[in-house]
Amino acid sequence: MTGEADFGRDCYRMQDELQEASRKTPGQRARMSEVERLRHSCAHVMATAIARLWPDAQFAAGPPVENGFYYDVDLAHRISPADFEKIEAEMRAVTKANQPFERIVVTRAEALEYARRGRLAALSDRPAPSRFKLDILEGIPDGEPISFFRNGEFIDLCAGPHVMRTGNVGAFKLTHVASAYYKNDEKNPQLQRIYGTAFKNKTEMEAWFTMLEEAKKRDHRKIGAEMGLFAFDPDYTGPGLPLWLPKGGAMIEELEKLARETEFAAGYVRVRTPHIAREKMYLTSGHLPYYAESMFPPMELIEHEDQGARALHDPDDKFDRVLKSLQYEQHSPKEVEELVGKILGASAEAKHADADRYYLKAMNCPHHHRIFAAEPRSYRDLPLRLAEHGCCYRYEQSGELFGLMRVRSLNMNDAHIYCTTEQFAAEFNAVNEMYLKYFKIFGLEKYQMRFSTSAPEGMGKKYVDEPALWKQTEDMVRDVLKNSGINFVEAANEAAFYGPKIDVQVWSAIGREFSIATNQVDFAVPKRFGLVYRDRDNTEKTPLCIHRAPLGTHERFIGFLIEHYAGNFPLWLAPEQVRVLTIGDDAALVDYARGIVNELRANMVRVETDFGADKINGKVQRAEQSRVHTMLVIGPRDMAANAVSVRVHGKGNQGARPRTQAVADILAAIKGRTN
RNA sequence: GCCGAAGUAGCUCAGCGGUAGAGCAACGGUUUCGUAAACCGUGGGUCGCGGGUUCAAUCCCCGCCUUCGGCUCCA
């Protein structure tokens with residue numbers, strides 16, 4: 001319950017709404033684009049090929065997805081990339097035959113009959129039934145038409161739509177194989193998911209692969225290593241725990257400076273909180289034990305014991321179950337304390353109840369709530385906007401770690417705004433405006449706010465049981481979004497436990513989507529912490545809390561910026577803003593150059609030098625390759641004229657200009673964050 | 001966590017059952033050069049870690065770790 005935003009989540013998100021064929025409505029099917037249709041047909045072509053090679057293959061679902069298609073198959077033979085060529089050759093035979101895709105409407109009884117004979121997603125009858133198809137059939141509601149699609153001997157249960165003939169699939173390629181659980185449920189058998197992509201023709205496919213290559217060159221892991229921004233050291237530091245090298249550190253400082261200035265102007269105050277907190281903090285917030293799996297296990301301070309830290313993961317644990325129940329109920333801090341004391345007392349021996357347990361914080365809000373609680377608050381104090389670049393730790397599953405995009409230590413551009421209901425709209429609107437301001441600075445033209453709301457059926461289960469508050473806050477948020485003309489979509493039944501939220505999706509310069517930040521309304525947790533302010537009428541009231549983090553986390557945001565700019569950062573953000581290159585290493589020349597370096601450094605410009613004996617061509621090339629923003633080339637002619645020659649990364653030689661002007665230009669560009 | 005793939009010098013990569021190689025980078029020297037690579041030389045690797053097979057393993061087998069591609073999770 002936090003608010004803070006699941007920054008670590010779903011970067012590079014694929015749009016997989018299309019994933020499960022059975023989930024699609026007829027309306028969605030009708031809207032399927034030409035290329036989606038073609039890819040879906042290609043999935044059938046691939047299944048045909050696989051059925052020819054391995055007749056006992058059992059197919060599940062084979063939908064088009066963004067950029068391609070897949071088909072899930074259960075097969076004793078493990079398909080590896082080495083098999084792709086063989087499968088593709090068979091697929092080519094199918095497309096060459098140019099079989100028509102024939103739609104056959106059947107009754108449920110007929111469909112079941114085919115499935116029992118193993119005839120679905122197959123070339124002929126088989127000894128074993130088409131068991132996944134049988135299961136899918138059962139999921140099709142009465143009244144919905146049931147159809148097969150047939151190409152050649154291959155018949156598949158399928159609602160379509162398809163292209164006219166197999167020959168319409170002009171170009172395709174199998175890309176990778178992964179595993180997936182049937183219907184995405186880990187209780188179901190694991191299937192082999194074979195991915196491919198398909199296009200109308202070869203030219204389009206080649207363009208796609210060229211674009212992939214380009215995207216690969218922008219990969220933040222690659223550029224980050226090239227530019228010396230960050231490093232991972234799994235053996236010593238640990239997986240998912242980035243080390244920020246000086247150049248990456250410089251970028252972090254710039255982002256924090258931007259946030260400090262922006263937030264200061266918007267009336268925020270900055271606070272500092274520790275990285276750890278006692279167990280009681282997270283019992284009160286409700287994070288434990290529900291969120292425990294995403295937290296590092298606690299450290300226990302125990303006397304006479306040398307047992308290791310324990311995590312609260314055991315489902316049979318009575319202690320855990322009682323705690324879990326606490327989460328869904330409203331208790332005053334005092335009640336929580338009493339209950340916890342009771343529980344801990346009852347299981348003292350087994351649970352090291354006497355131990356002092358400390359957790360690394362996975363979010364900042366509980367600490368900020370305690371800051372709110374640290375002093376008596378009056379309505380005159382509100383809104384109170386507490387900001388902190390807090391460092392949090394989340395135990396992301398090992399398979400989830402991905403470069404800077406999904407890490408275990410994260411620095412959040414966090415703030416919590418405590419306000420009254422009356423102040424809410426204005427505060428929320430101001431937060432949105434801050435987002436837009438940042439988007440402008442970073443040149444983000446495409447963005448979308450995804451407004452997640454509750455659903456009545458989830459009240460008291462998935463969501464805090466406060467229907468009136470839900471409605472009130474959701475209406476407020478919706479009004480603000482509508483009135484401000486912000487681009488948003490509403491997603492029902494996706495809210496956080498304690499309030500509606502807004503996920504901010506942005507698209508980088510090359511069109512890749514990133515979920516960069518989350519904005520959340522919280523009307524539940526302040527209550528759990530007993531936060532109150534004294535209102536005008538001398539009664540105590542609980543404030544609303546807005547969690548917001550427009551710049552997300554440094555990790556995710558810098559990863560995004562690397563891709564967005566392909567490492568060619570604007571001057572203000574560039575890790576190495578200026579490099580001064582001398583033509584030759586004549587002592588007087590170097591002295592002159594050093595004077596300029598010192599002047600820039602005195603103005604907080606990040607300058608490096610290349611005063612060696614190398615040829616100027618070599619120096620320029622190295623500087624260009626390191627993506628230094630501005631190169632100041634200094635030769636005897638420049639020294640004589642008290643000038644410098646300016647060269648800008650990617651833009652070439654800008655010519656000589658007076659030294660004072662060059663310095664002033666650089667300082668102005670940095671200050672204005674203009675380029 | 002699950003399925004699959006990969007791991008050789010700081011980086012990009014070659015190699016192979018018989019004592020490990022290139023380019024770039026680094027370091028030393030020479031070059032004094034006006035905007036994308038001057039020249040010569042030197043150092044550098046327990047071939048991810050552990051075990052097994054073998055006269056001999058970077059190479060074959062097993063286990064582990066990490067990374068990558070997916071899946072799952074996401075209050």
Side-chain angles (χ1 to χ4, degrees), chain A residues 1-10 12 14 16 19 65 70 72 78-82 175-182 184-188 190-195 219 221-222 225-226 228 231-235 238-240 282 285-295 324 327-328 362-363 394-403 406 462-464 494-499 501 503 515 518 520 522 524-525 581-586 589 612-625 631-638 645-650 652-656:
Chain A
M1 323 233 126
T2 97
E4 281 93 56
D6 292 319
F7 299 109
R9 316 293 180 183
D10 45 20
Y12 292 153
M14 297 290 182
D16 281 355
Q19 246 179 26
V65 289
Y70 67 78
D72 284 343
R78 282 232 154 272
I79 292 175
S80 79
T175 51
H176 54 282
V177 57
S179 89
Y181 296 104
Y182 179 57
N184 287 345
D185 187 339
E186 61 180 313
K187 284 176 215 80
N188 287 333
Q190 219 163 22
L191 307 172
Q192 304 186 59
R193 177 166 293 180
I194 303 155
Y195 282 90
D219 191 302
R221 292 163 297 187
K222 184 177 152 66
E226 280 169 10
F232 284 94
D233 187 9
D235 287 348
Y282 303 109
S285 72
H287 288 93
L288 283 177
Y290 201 74
Y291 191 64
E293 284 186 38
S294 291
M295 295 175 75
K324 201 159 195 161
Q327 176 189 238
Y328 296 109
M363 62 296 297
R394 295 182 181 180
Y395 194 79
E396 300 288 353
Q397 293 187 69
S398 58
E400 284 295 292
L401 300 176
F402 172 62
R406 189 69 66 93
K462 206 171 156 188
Y463 309 117
V464 183
E494 288 187 12
F497 173 65
Y498 48 82
K501 67 172 180 177
D503 293 304
S515 290
T518 304
Q520 305 184 340
D522 181 347
V525 183
L581 323 174
T582 53
I583 298 174
D585 61 352
D586 173 77
L589 193 67
D614 276 353
K615 300 254 185 217
I616 190 63
N617 288 312
K619 294 185 183 185
V620 166
Q621 170 151 354
R622 275 199 303 280
E624 288 283 356
Q625 282 173 346
M631 289 148 272
L632 298 181
V633 176
I634 296 172
R637 291 210 297 269
D638 300 292
S645 292
V646 179
R647 182 186 172 100
V648 175
H649 175 55
N653 190 352
Q654 308 291 299

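The sequence lines fix the lettering, A, B, ..., with proteins before strands; numbering per chain opens at 1.
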Can you tell me how far [atom1] in [N] sits from the matching atom in [M], rounded to whole Å?
| N | M | atom1 | result |
| --- | --- | --- | --- |
| B/G23 | B/G18 | C1' | 27 Å |
| B/A57 | B/C71 | P | 42 Å |
| B/G17 | B/C61 | P | 13 Å |
| B/G52 | B/C73 | P | 41 Å |
| B/A56 | B/A26 | C1' | 35 Å |
| B/G51 | B/C13 | C1' | 30 Å |
| B/G10 | B/U53 | C1' | 35 Å |
| B/C16 | B/G28 | P | 37 Å |

For the pair A/Asp614 and A/Lys619, evaluate salt bridge (charged side-chain N to carboxylate O under 4.0 Å, His left out) and give the outcome as yes or no after the intermediate values.
-> CA-CA 7 Å; A/Asp614 276 353; A/Lys619 294 185 183 185; over 6 Å; no
Which part of the nucleic acid does [X] contact within heavy-atom distance under 4.0 Å: base, sugar-phosphate only, or nothing?
| X | value |
| --- | --- |
| A/Ser645 | base |
| A/Arg637 | base |
| A/Gly635 | base |
| A/Gly652 | nothing |
| A/Ile616 | sugar-phosphate |
| A/Asn653 | base |

Pairwise distance OG(A/Ser645) to CZ(A/Arg637) - rounded to 0.5 angstrom | 7.5 Å
In whole angstroms, how far is the [atom2] atom of [N] from the [atom1] atom of [X]?
| X | N | atom1 | atom2 | value |
| --- | --- | --- | --- | --- |
| A/Ile194 | B/G4 | CD1 | C1' | 12 Å |
| A/Glu396 | B/U72 | CD | C1' | 13 Å |
| A/Tyr195 | B/C68 | OH | C1' | 15 Å |
| A/Gln625 | B/G23 | CD | P | 17 Å |

With a 4.0 Å limit, can you tell me whether [X] has a side-chain N or O closer than that to the phosphate oxygens OP1/OP2 of [N]?
| X | N | value |
| --- | --- | --- |
| A/Arg394 | B/C74 | no |
| A/Gln397 | B/G1 | no |
| A/Arg221 | B/U67 | no |

Any-strand Watson-Crick or G-U partner of B/U19, both distances under 3.5 Å =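 Base-paired to nothing in any strand shown.
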Does B/C59 pair with anything, Watson-Crick or G-U wobble, both distances under 3.5 Å, and if so, with which nucleotide?
->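 In the structure as shown, B/C59 has no Watson-Crick or wobble partner.
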Test: A/Arg647 and A/Glu624 ion pair at under 4.0 Å | yes
If only atom types and distance count, is the side chain of A/Thr175 paired as donor or acceptor with the main-chain N or O of A/Tyr195 below 3.5 Å?
->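 At least one qualifying donor-acceptor pair exists.
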Is the closest side-chain heavy-atom distance between A/Tyr70 and A/Val65 below 4.5 Å?
->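 The answer is yes; the side chains approach within 4.5 Å.
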Side chain of [X] (C-beta onward), nearest among [options]:
| X | options | answer |
| --- | --- | --- |
| A/Pro239 | B/U67, B/G34, B/U35 | B/U67 |
| A/Pro234 | B/G69, B/A37, B/U66 | B/U66 |
| A/Ser398 | B/U66, B/C68, B/G1 | B/G1 |
| A/Leu401 | B/G34, B/U72, B/U67 | B/U67 |
| A/Ala613 | B/U32, B/G34, B/C71 | B/U32 |

Any luck finding a side-chain donor-acceptor pair between A/Thr518 and A/Asp503 under 3.5 Å?
-> yes
What about A/Arg647, does its side chain sit under 3.5 Å from the base of B/A36 through a donor-acceptor pair?
->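 A donor-acceptor contact between them is present.
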Please step through side chain to side chain contact (heavy atoms under 4.5 Å, CB included) for the pair A/Val646 and A/Leu632, ending with a clear verdict.
-> CA-CA 5 Å; A/Val646 179; A/Leu632 298 181; 3.8 Å; yes
